Amino acid sequence: MDFDLPRDNADIYEEVKLFCDEELRPRARETAERGEFPWENWAGMAQMGLLGVPIPEEYGGAALSWLDWAAVGERVSNACSSTGAIFAAHYLCEYPILTFGTEEQKQKFLVPLATGQKVGAFILTEPGAGSDAAGVKTRADRDGDEYVLNGSKVFCSNGAEAGIFIVIANIDPDRGARGLTAFVVEKGTPGFRLGKEDKKMAFNALSNPELIFEDCRVPAANVLYREKGGFKVALETLSVGRIGMAVGAVGLAQAALDEAVKYSLEREQFGHPISEFQAIQYMIADMATEVEAARLLSMKAAWLKDMGREYDKVAAMAKVYSSETAVRTAVKALQVHGGYGYTTEYNVERYYREAKLFEIVEGTSEVQRQVIASKVIKESKR
Ligand SMILES: Cc1cc2nc3c(=O)[nH]c(=O)nc-3n(C[C@H](O)[C@H](O)[C@H](O)COP(=O)(O)OP(=O)(O)OC[C@H]3O[C@@H](n4cnc5c(N)ncnc54)[C@H](O)[C@@H]3O)c2cc1C
């Protein structure tokens, strides 16, 4: 068993590390506080080829593996969690085009996404349809060579900046999930506009506006996969997205752990650095163990995907375990900082607020446990 990342790509990892340490990390706090899309980070990622890591070269990508993509996602999130969230959301748009798109769709939409000319977004969630994807009410009615979309979506990550959106709408709302269809919708399509956007407790550099469709005409050529095939597109996209969320959570948890260790070495009480107290050491030990376990689960999910093997269950395990690890690690890192951890002087209070998101997006922890349990029970019946 080889637990190393692909050695052929050692140079690439070194470059990614430099980019993260020299560009993303020093600006991370400012990026989070400013609460605006960090175009300078986006341009840097585009230049480094990080926006098309597992995309074939003919579509503008770097033709690396999903394991490489996961490793890059962890590093980006570790250096700047806001940029990590933008990175993960972008791939939710690329993946379904790569997997289900026609050659024409890939040339038209995937190339500008993989090269970073356009930002991508994927939207399923609606005011009445969150965990229950089958409840999507945004309608799509066929009219000649077009579909007419009507309805609204909420929480669209990258929504304010995206040029290309994957929109899951329903051709036959009475049939629930069986009517779902995936469309590629371009920014500027008449009848499609952004709605309101709520301020969040963290991740405000990531935009999450409402999307409104009013008689929005989308060419039939923009249907992904096939009419009424949208549930499959959504499920497969979210499964890969769970790996993206898992590595994002690992990156954040590692950052919290590193800052806790650093602080414990600097802070003295009772005449000793607090790192010498067993209570602090136990917290560090638990944080480090959980982060390592979360990383291994996440990497295993990506590796299974590269091997062409079933990965949905492990991706759900990685997502639930990594996101809960990020929350527990952020809580402990804040505790290690004592009262100073509660101030905005240190990053740990932000990590504490940010970590919570991982337990919610792309399927809550409850939904992940349902996915895991249903797979485990099904396997036991084989
Ligand atoms: C910052 C942010 C970014 C987001 N980005 C995107 C995006 O880019 N694209 C997109 O499509 N969506 C996005 N979302 C939406 C996100 O995926 C949903 O919020 C999430 O799936 C949960 O849906 P909900 O908020 O409607 O909660 P609900 O589904 O209403 O759930 C509420 C609670 O009930 C629980 N629950 C629901 N059903 C069950 C059940 N059957 N059994 C047990 N418990 C259950 C949930 O676990 C949760 O605790 C984003 C959300 C946020 C906050």
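Because the structure is predicted, anything quoted here is derived from the model rather than measured. Both ligands and their constituent atoms are indexed starting at 1 by order of listing.
Counting only non-hydrogen atoms, the option in Ala234, Ser131, Ala88, Ala129 that gets closest to atom 38 (N) of ligand 1 is Ser131. Residue Val361 holds the heavy atom nearest to atom 52 (C) of ligand 1 of all those in Val361, Val367, Leu238. Closest heavy-atom approach to atom 48 (C) of ligand 1 among the candidates Thr364, Ile123, Val167, Asp132: Thr364.
What you find for Leu92 and Thr237 is that their closest heavy atoms are O-CG2, 3.4 Å.
Residue, atom and distance of the protein heavy atom nearest to atom 20 (C) of ligand 1 are Ile360 O, 3.5 Å. Given atom 8 (O) of ligand 1, the protein heavy atom at minimum distance is Ser157 N, 3.0 Å. Of the protein's non-hydrogen atoms, the one nearest atom 9 (N) of ligand 1 is Phe122 O, 2.9 Å. Protein heavy atom closest to atom 13 (C) of ligand 1, with residue, atom name and distance, is Phe155 O, 3.4 Å. For atom 44 (N) of ligand 1, the closest heavy atom belonging to the protein is Glu366 CB, 3.8 Å.
Distance screen at 4.0 Å: atom 30 (O) of ligand 1 has no protein heavy-atom neighbour inside the cut-off. Distance check on atom 35 (C) of ligand 1: every protein heavy atom falls at or beyond the 4.0 Å cut-off. For atom 25 (O) of ligand 1, no protein heavy-atom neighbour is present inside the 4.0 Å cut-off. Contact annotation for atom 3 (C) of ligand 1: protein present (non-hydrogen atoms, distance under 4.0 Å).
Counting heavy atoms of neighbouring residues, nucleotides and ligands inside a 6.0 Å radius, atom NZ of Lys300 does not exceed 12 of them. Counting non-hydrogen atoms of other residues, nucleotides and ligands closer than 6.0 Å to CG of Asp2 gives a total above 12. For Tyr352, the OH atom sits in a loose shell: 12 or fewer heavy atoms of surrounding residues, nucleotides or ligands are nearer than 6.0 Å. Within 6.0 Å of CD in Glu379 there are more than 12 heavy atoms belonging to other residues, nucleotides or ligands.
Polar contact with ligand 1: present for Leu124 (N/O pair, distance under 3.5 Å). The shortest N or O to N or O distance between Lys200 and ligand 1 is not below 3.5 Å. Checked against a 3.5 angstrom limit, the closest N/O atoms of Leu92 and ligand 1 fall outside it. Residue contacts with ligand 1: Cys156 is placed with no nitrogen or oxygen under 3.5 Å of a nitrogen or oxygen of the ligand (distance criterion only).
Using cut-offs of 30° and 60° on the angle between ring planes, the pair Tyr225 and Phe100 is tilted. In this pair, Tyr147 and Phe183 present their aromatic rings perpendicular. The plane angle is above 60°, beyond the 30 to 60° band. Relative orientation of the Trp69 and Trp66 rings is perpendicular, given thresholds of 30° and 60° on the angle between their planes.
By the rule that hydrophobic residues join a cluster once side-chain heavy atoms approach within less than 4.5 Å of another member, Leu64 and Leu50 end up as members of one cluster.
Near Gln370, meaning under 4.0 Å from one of its heavy atoms, ligand 1 places the atoms 40 (C), 41 (N), 42 (N), 43 (C). Near Glu362, meaning under 4.0 Å from any of its heavy atoms, are these atoms of ligand 1: 17 (O). The atoms of ligand 1 that sit less than 4.0 Å from any heavy atom of Gly130 are 23 (O), 24 (P), 26 (O), 29 (O). Remark: ligand 1 atoms within the under-4.0 Å shell around heavy atoms of Asn208 are 1 (C), 2 (C), 3 (C), 4 (C), 5 (N). Within ligand 1, counting atoms from 1 as listed, the ones closer than 4.0 Å to a heavy atom of Leu357 are 1 (C), 2 (C), 52 (C), 53 (C).
Heavy atoms of Lys153 found under 4.0 angstrom from ligand 1: none, in either backbone or side chain. Contacts between Thr125 and ligand 1 below 4.0 angstrom, taking non-hydrogen atoms only, involve backbone and side chain alike.
With Val223 as reference, Thr181 is the one residue of Ile171, Val184, Thr181, Val233 to meet the side-chain contact (heavy atoms from CB on, under 4.5 Å) rule.
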task: Check step by step if side chain to side chain contact (heavy atoms under 4.5 Å, CB included) holds for Met283 and Ile280.
output: CA-CA 5 Å; Met283 282 197 270; Ile280 299 291; 4.0 Å; yes
query: Stepwise, does the ring pair (Phe, Tyr, Trp, His ring centres under 6.0 Å) test hold for Phe122 with Tyr95?
result: CA-CA 10 Å; Phe122 167 91; Tyr95 179 77; over 10 Å; no
message: Applying side-chain hydrogen bond (donor to acceptor under 3.5 Å, both in side chains) to Asn170 and Arg175, what does each step give before you reach the verdict?
response: CA-CA 9 Å; Asn170 211 327; Arg175 296 192 72 209; over 6 Å; no
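Summarising the geometry, atom CH2 belonging to Trp42 is positioned 6.0 Å from atom CE belonging to Met45; distances are rounded to the nearest 0.5 Å.
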